[in-house]
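Residue numbers run from 1 in the order of the sequence given. All values below were derived from every heavy atom in this structure, side-chain atoms included, with hydrogens, water molecules and symmetry-related copies excluded. All ligand and atom numbering here is 1-based and tracks the order in the structure. Note that this is a predicted model, so its numbers are computed, not measured.
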Amino acid sequence: MKKTVRDIDVRGKKVLVRVDFNVPLKDGQVSDDTRIRESLATIRYLLDQGATKVILMSHLGRPKGKIVPELRMDPVAKRLEQLLGQGVRKVDDCVGEEVKKAIAESPEKVILLENLRFHPEEEKNNADFAQQLAELGEIFVNDAFGTAHRAHASTAGIASYLPAVAGLLMEKEISHLSLLLEKPERPFVAILGGAKISDKLGVVRNFLSRCDFLLLGGGMANTFLKASGYDVGESLVEDEMLEECRSLLKEGGAKFALPQDVVIADKFEAEANSREVPAWGVVPGWRIMDIGPETIEMFTQNLPESKPWCGMGHWAFLNSPNSPREPSP
Ligand code: 3PG
Ligand code: MG
């Protein structure tokens with residue numbers, strides 16, 4: 001296992017922590033704070049161990065290298081302050097002299113930098129930018145499990161300039177994942193969701209060879225449904241992944257469970273009209289928003305003893321004593 005915060009002495013040190021605070025916002029407020037809550041253990045641990053400053057950095061959304069006012073980290077800082085029960089100093093950039101000064105002068109020990117992706121260098125894993133980030137602290141902690149699949153300046157490049165260790169969330173996720181991959185209880189059932197199959201292709205392939213069943217939901221199920229020949233109307237689909245999905249379905253065969261029924265809506269809005277229909281019954285012009293009640297039943301009824309745990313991405317894994325029914329579309 002990689003070195004973690006437990007293996008180093010942070011007393012008297014400025015610790016720079018990459019977190020994944022890429023959280024959903026609604027009306028300028030955090031609408032799901034799970035990722036923020038999941039980072040509290042590491043932040044509290046570092047403070048308890050005597051770190052002088054805990055400097056947090058994250059991306060938020062996809063501003064594509066420009067300042068997008070709606071994607072500033074201020075609502076995140078506010079929510080973090082509430083959850084942590086102590087002050088959080090938010091600074092308006094993530095590199096440079098002003099930021100260094102703000103960190104040095106901050107009476108608050110916890111500091112949140114501005115959205116890393118306001119700088120195009122972040123996603124390019126630019127070495128100068130990584131070095132500028134590194135100058136803000138003395139130790140680098142990577143706790144951004146949800147962003148672990150991106151080699152960016154704040155997750156990868158920076159580790160060349162500072163002693164780097166994993167945070168407690170990263171440690172927790174990796175140990176759960178390793179256990180599941182090395183010694184899974186059988187049958188081993190994986191539930192996969194999230195919008196982008198392209199992001200998770202490696203994971204799907206990896207699981208296919210290890211697990212007994214793969215239950216598909218979320219946005220990615222639409223692409224698999226379309227690849228299986230269903231008309232999915234206006235649903236979110238990654239058309240460039242259709243071929244890949246077809247070959248995965250062929251490879252995985254009966255391991256795959258696709259939604260049998262779905263919730264559809266006539267638009268992607270709170271006041272949209274919605275209906276539950278079989279997967280083959282998507283109304284032209286409507287879109288799939290979720291799996292339907294029969295699918296929920298199918299996915300869950302055979303898993304009463306299961307112990308679900310959630311990754312910080314959009315998937316969860318279950319070990320189940322029984323196998324789910326095969327899909328019958
Ligand atoms: C996520 O939410 O999937 C991660 O924070 C990574 O974000 P990204 O897909 O925009 O790189
Ligand atoms: Mg993602």
In plain terms, say whether [X] and [Y] are close enough for a salt bridge, that is, a side-chain N and a carboxylate O under 4.0 Å apart.
X	Y	value
R18	E122	yes
D231	K226	no
R37	D33	yes

For [X], take its heavy atoms, then give the atoms of ligand 1 lying under 4.0 Å from any of them.
X	answer
D20	4 (C), 5 (O)
R35	1 (C), 2 (O), 4 (C), 5 (O)
R150	8 (P), 9 (O), 11 (O)
T147	5 (O)
K196	9 (O)
N22	1 (C), 2 (O), 4 (C), 5 (O), 7 (O)

Practice problem: Just go through S58, G146, P24 and tell me whose heavy atom is the nearest to atom 4 (C) of ligand 1. | Solution: G146
Quiz prompt | Polar contact flag for H149 and ligand 1 (N/O pairs, less than 3.5 Å) | solution = no
Self-check item: ligand 1 versus H152: contacting region, heavy-atom distance under 4.0 Å
Solution: neither
Quiz item: Which is it for R117 and ligand 1 at heavy atoms under 4.0 Å: side chain, backbone, both or neither?
Solution: side chain
Quiz item: What ring pair (Phe, Tyr, Trp, His ring centres under 6.0 Å) pairs are there with at least one residue in residues 73-124, not counting sequence neighbours?
Solution: H119-F129
Quiz prompt | Counterpart residues, salt bridge (charged side-chain N to carboxylate O under 4.0 Å, His left out), relative to E271 (two or more places apart) | solution = none
Quiz item: Does atom CD of Q86 have more than 12 heavy-atom neighbours, drawn from other residues, nucleotides or ligands, at distances under 6.0 Å?
Solution: yes
Quiz item: Is K101 atom NZ crowded by more than 12 heavy atoms from other residues, nucleotides or ligands, each under 6.0 Å away?
Solution: no
